[in-house]
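Proteins come first, then strands; the chains are lettered A, B, ... in the order of their sequence lines, and each starts at number 1. Computed over heavy atoms, backbone and side chain alike; hydrogens, waters and symmetry mates excluded.
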There are 2 protein chains.
Amino acid sequence: MTTRWLDDRERVAWVRLAAVMELLPGVLDSQLRRDAELTHFDYFVLAMLSEAPERTRRMTHLAAQTNATLPRLSHVVRRLEERGLIERFPCPEDARATNARLTAAGWAKVQATAPGHVATVREHVIDALSPAQVDQLAEIGEAILARLDPERRVAEGSEG
Amino acid sequence: MTTRWLDDRERVAWVRLAAVMELLPGVLDSQLRRDAELTHFDYFVLAMLSEAPERTRRMTHLAAQTNATLPRLSHVVRRLEERGLIERFPCPEDARATNARLTAAGWAKVQATAPGHVATVREHVIDALSPAQVDQLAEIGEAILARLDPERRVAEGSEG
DNA sequence: CAGAAATAGTTGTCTCTACAAGTTTATCGG
DNA sequence: CCGATAAACTTGTAGAGACAACTATTTCTG
């Protein structure tokens, strides 16, 4: 079985996507760490909870929404709980499960942090693109996610 | 100063890009770790060296090409050197600088690893897109990188 | 040409993530 | 209804990146 190498167009597209994946997380993390002492993943977790009914979600649901493994989420939620931004309690319907709920302090943190985060996303991504390119990016993302995550558990909720 | 929130189209595009950035690195790392005991970043470093003159680059140049900080690259190169895939030696023209050179074993590793890696990139990214979308992705990547990395140090060399 | 500043890299520490293993509870098959 | 399997976490450990501090050269400036 012989390899189908990438042609020039494909290679350029891939190298640029790889570069974005290498650089963008650092930019997002830096802004959030500096202004709110949160990683981008921390923020995403808090943001997903802030939009959930009762600002509460089961850990498994939250893991799916944030594209994280359960062990990773468990560590992150423990740290956020230690900081008073989230609280955990057993799920009444299923004794195996744990619910995570945003505290008042966590809600305030999201409110305070969202504007700066959205500004960063605008500055480095959205405002760099034409309206047509924004739509193209949504379609391209959809196509790639269909391969990465065929079950499409990924959050479609807002993030700010 | 009032926040310009994301509208629906912008939100969808951003959430999908964020999901791709969360999931794709894991997929690439898993395949390379399983088949070659390399991270994607390790592979990218070896690939950049494999295309350099004499298969040699100064650390600073290599760091710029791979979008890495110098401390990060230094750790990675040390580990690859311990495995015999790279060797380091002082740069003759500038005593401050270090050159990194791919060894024969490193070259063989790149040759052996490239087909599986390219297949993974095809499967999860390129082959998920139409030819028009591949070109759109290249343009979108370019636009975002212009904001992330205005000096455009990023590699435009091939990667396989 | 001396001192200051910048450049190139290495090293140490701390945090975060992946992976593996363990615990508790629910569900399924006979 | 009992044992086996699966599900939902939690915890421990080890590896990789971020950041800061340090060393060794080179370049710039008065």
### Task
Grab the CG-P distance between Leu70(B) and dT11(C) for me, whole Å please.
12 Å
### Query
How long is the gap from CD1 on Ile140(B) to CG on Leu145(B), to the nearest 0.5 Å?
12.0 Å
### Summary
Rounded to whole Å, the CG-P distance (Asp29(A) to dC16(C)) equals 10 Å
### Message
With a 4.0 Å cut-off on N to O distance, would you call Arg4(A) and Asp127(B) a salt bridge?
### Response
yes
### Summary
From NE2 of His75(A) across to P of dA20(C) the rounded distance in Å is 14 Å
### Query
Please give, in whole Å, the distance from dC19(C) P to Arg34(B) CZ?
11 Å
### Message
If you take any heavy atom closer than 4.0 Å to DNA chain D, which residues from residues 79-94 of chain B end up in contact?
### Response
Arg79(B), Asp94(B)
### Query
Is it true that the side chains of His61(B) and Arg58(B) contain a donor and an acceptor less than 3.5 Å apart?
no
### Residues which pass salt bridge (Lys or Arg N to Asp or Glu O under 4.0 Å) with Arg79(B), listed by chain and number, not counting sequence neighbours
none
### Query
Could you state the interatomic distance from CD1 (Ile126(A)) to CZ (Arg147(B)), rounded to the nearest 0.5 Å?
11.0 Å
### Message
Pairing donors with acceptors under 3.5 angstrom, does anything connect the side chains of Gln31(A) and Thr120(A)?
### Response
yes
### Query
Atom CG of Asp42(A) to atom P of dT15(C): distance rounded to whole Å?
13 Å
## Note on the structure
Arg72(A) CZ to dA20(C) C1', in whole Å, measures 18 Å
### Task
Would you mind telling me which residue lines up with the more 5' stretch of DNA chain C, Ser30(B) or Leu73(B), judged by nearest nucleotide?
Leu73(B)
### Query
So what does Ser74(A) touch, heavy atoms closer than 4.0 Å: a base, only the sugar-phosphate, or nothing?
base
### Task
State whether the number of non-hydrogen atoms from other residues, nucleotides or ligands found under 6.0 Å of Glu54(B) atom CD is greater than 12.
no
### Task
Hey, could you give me the CE/CD distance between Met21(A) and Glu22(B), rounded to the nearest 0.5 Å?
11.5 Å
### Task
For the side chain of Arg96(B), starting at C-beta, report the closest nucleotide among dT17(C), dT11(C), dA8(C).
dA8(C)
### Whether over 12 other heavy atoms sit under 6.0 Å from Gln111(B) CD
yes
### Summary
chain A vs DNA chain D, heavy-atom contacts under 4.0 Å, first-to-last nucleotide span, 5' to 3', is dA7(D) to dG12(D)
